[in-house]
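Chain letters run A, B, ... following the sequence lines, proteins first and then strands; every chain starts at 1.
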Protein chains: 2
Amino acid sequence: MATGRTHRPATRSRGIPEATVARLPLYLRALTALSERSVPTVSSEELAAAAGVNSAKLRKDFSYLGSYGTRGVGYDVEYLVYQISRELGLTQDWPVVIVGIGNLGAALANYGGFASRGFRVAALIDADPAMAGKPVAGIPVQHSDDLEKIIQDNGVSIGVIATPAGAAQAVCERLVAAGVTSILNFAPTVLSVPEGVDVRKVDLSIELQILAFHEQRKAGEEAAAASDGGVPAAAVRSDSTDQGPDGDMPAVMPA
Amino acid sequence: MATGRTHRPATRSRGIPEATVARLPLYLRALTALSERSVPTVSSEELAAAAGVNSAKLRKDFSYLGSYGTRGVGYDVEYLVYQISRELGLTQDWPVVIVGIGNLGAALANYGGFASRGFRVAALIDADPAMAGKPVAGIPVQHSDDLEKIIQDNGVSIGVIATPAGAAQAVCERLVAAGVTSILNFAPTVLSVPEGVDVRKVDLSIELQILAFHEQRKAGEEAAAASDGGVPAAAVRSDSTDQGPDGDMPAVMPA
DNA sequence: AAATGTGAACTTTTTCACAGCT
DNA sequence: AGCTGTGAAAAAGTTCACATTT
């Protein structure tokens with residue numbers, strides 16, 4: 001694929017920093033878009049803009065992969081797509097199972113970007129017997145009784161949990177026992193897993209709460225000058241949030 | 001504690017670190033569970049375990065909020081729930097709109113944890129005229145022509161984008177123009193927004209790619225000697241995976 | 001002239017370890 | 001005796017700025 005070969009990456013020794021790994025998919029997406037438009041090369045500046053990061057960071061990130069750019073020119077798009085894909089392990093096909101085919105599970109099963117980049121939905125699993133056999137996104141739902149067999153038959157190592165919170169830990173344990181070593185958890189609960197198993201969590205409600213925090217802070221900033229007897233406005237800066245209700249606690253606390 | 005009249009916490013001045021803010025919802029969830037079981041107090045050790053972090057980190061995090069614990073005892077569950085809720089701005093009710101009522105949008109609308117903690121789905125918006133009026137999760141879908149009016153009438157400042165990638169930027173711009181200042185983006189695209197607008201991104205495919213990276217690394221560890229065509233394998237990474245309690249994942253912070 | 005790759009400086013986050021309350 | 005709260009140390013991540021290469 002692409003470029004003919006450069007000499008070896010020299011020193012890639014130490015592992016790639018986690019923060020960098022987390023950004024590689026971002027770069028890959030931007031590069032894929034460029035590739036589709038047949039753009040042959042791109043500078044760190046342009047690519048960084050497309051990915052929403054700054055160019056120094058991008059160059060530093062790429063430096064952990066090797067020297068894949070050309071000074072004075074930029075990066076060969078196709079070549080970089082390949083290198084990042086390989087680094088992320090996307091040159092192979094990962095069979096994935098989704099457990100819990102409710103609203104969310106169905107949405108995930110239908111999610112296009114899924115299949116497009118290295119992932120294949122190998123099976124949909126649900127505990128509801130009524131769901132069994134029903135096709136979702138063209139794939140028949142299977143009953144969770146067969147979970148272990150499904151995992152093993154398909155050589156699945158990545159599982160997606162989209163069950164209610166109450167079922168998540170049990171599902172997790174069965175997945176792990178059956179051989180899954182990476183889990184993407186959409187259930188709003190902390191999973192405990194044995195050493196060697198990776199878990200990533202996706203949690204709508206947490207994201208909203210983080211937004212609310214910042215939203216609140218914005219609101220407090222404008223109103224900063226209003227009222228508030230007592231504390232001098234000396235350094236009201238970002239401090240605004242805690243000032244208000246602090247003086248006298250609502251009766252919420254028990255004791 | 002709870003002193004009637006504390007002299008100001010002295011130095012809480014500086015803003016709360018972003019990494020800490022991102023963990024507060026986690027603590028809050030664990031605390032809420034304890035509260036439901038009527039557990040009166042909890043130690044940093046116990047709470048940290050429930051939240052999946054280590055206790056030093058938790059204590060440091062709480063220290064940014066103030067001194068809400070009791071030495072030798074631990075933290076009063078109800079009191080902490082209140083303090084964290086207040087800090088996150090969850091003592092008020094945030095009206096939210098969801099734009100793009102496909103599979104994912106519907107899943108989000110049906111998501112229970114939504115309403116439970118400070119958020120209220122004020123409206124569902126979709127560009128498909130055929131959807132208009134159809135109830136999803138008990139809420140009638142409205143057409144996107146009325147987006148601006150809906151935002152303004154409901155005083156919405158937080159918007160959730162669950163449209164296809166191609167529509168996301170345009171929707172984003174309309175939301176912002178109408179007054180939204182925080183956006184949770186599920187579309188696999190980088191949104192550009194004016195200063196002062198917060199965007200958080202939730203991206204399934206990115207999460208999976210990060211898992212694939214680690215999965216690949218695990219596999220490579222055992223079979224250390226496979227050659228891949230094209231690019232010579234200089235130093236096969238032997239770097240064993242990070243360990244630690246539970247990676248958080250910052251950034252992606254997801255759904 | 002243009003743009004990468006990278007030491008070095010700086011910032012943020014995590015972890016340690018223990019003094020100080022209850 | 002137990003557990004918080006926090007300085008100080010360590011680690012991770014980001015940004016700067018420029019020598020180097022094409």
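Only one option out of B:Leu58, B:Leu26, B:Val77 pairs with B:Leu47 in a side-chain contact (heavy atoms from CB on, under 4.5 Å); it is B:Leu58.
Here the P atom of nucleotide C:dT6 and the OH atom of A:Tyr68 are 12 Å apart, to the nearest Å. Here the P atom of nucleotide C:dA17 and the CZ atom of B:Arg59 are 13 Å apart, to the nearest Å. Distance, A:Asp76 CG to C:dA3 C1': 15 Å, rounded to whole Å. Nucleotide C:dC16 holds its P atom 12 Å from the CD atom of B:Glu45, rounded to whole Å. Distance B:Leu47 CG to D:dC3 C1': 14 Å, rounded to the nearest Å. As a whole-Å value, the separation of A:Ile16 CD1 from C:dT6 P is 14 Å. For A:Lys57 and D:dA17, the NZ to P distance is 17 Å, given to the nearest whole Å. Between A:Leu58 atom CG and D:dC16 atom C1' there is a gap of 16 Å when expressed in whole angstrom units.
Between the CG atom in A:Leu24 and the OG atom in A:Ser85 there is a gap of 10.0 Å [rounded to 0.5 Å].
More than 12 heavy atoms of other shown residues, nucleotides or ligands fall within 6.0 angstrom of atom CD in A:Gln92. In this structure, B:Gln169 places its CD atom where more than 12 heavy-atom neighbours from other residues, nucleotides or ligands lie under 6.0 Å away.
Within the structure, every side-chain polar atom (N or O) of A:Ser44 is placed at least 4.0 Å from both OP1 and OP2 of C:dA3. Regarding contacts with the backbone of D:dT15, a side-chain N or O of A:Asn54 is found under 4.0 angstrom from either OP1 or OP2.
Comparing A:Lys60 and A:Gly72 by the nucleotide of DNA chain C whose heavy atom lies nearest to each, the residue mapping closer to the 5' end is A:Gly72. Residues B:Asp61 and B:Val73 both approach DNA chain D. Their nearest nucleotides, taken by heavy-atom distance, put B:Val73 toward the 5′ side.
Checked by distance alone, A:Arg71 brings a side-chain donor or acceptor within 3.5 Å of a matching partner on the base of D:dT20.
In this structure, B:Lys218 contributes its side chain and A:Thr181 its backbone to a donor-acceptor pair below 3.5 Å.
Between C:dT13, C:dT14, C:dG5, one nucleotide has an atom nearer to the side chain of B:Pro17 than all others, and that is C:dT13.
Among the heavy atoms of the strands lying under 4.0 Å from B:Tyr75 are primed sugar atoms or P, OP1, OP2 only; no base atom is included.
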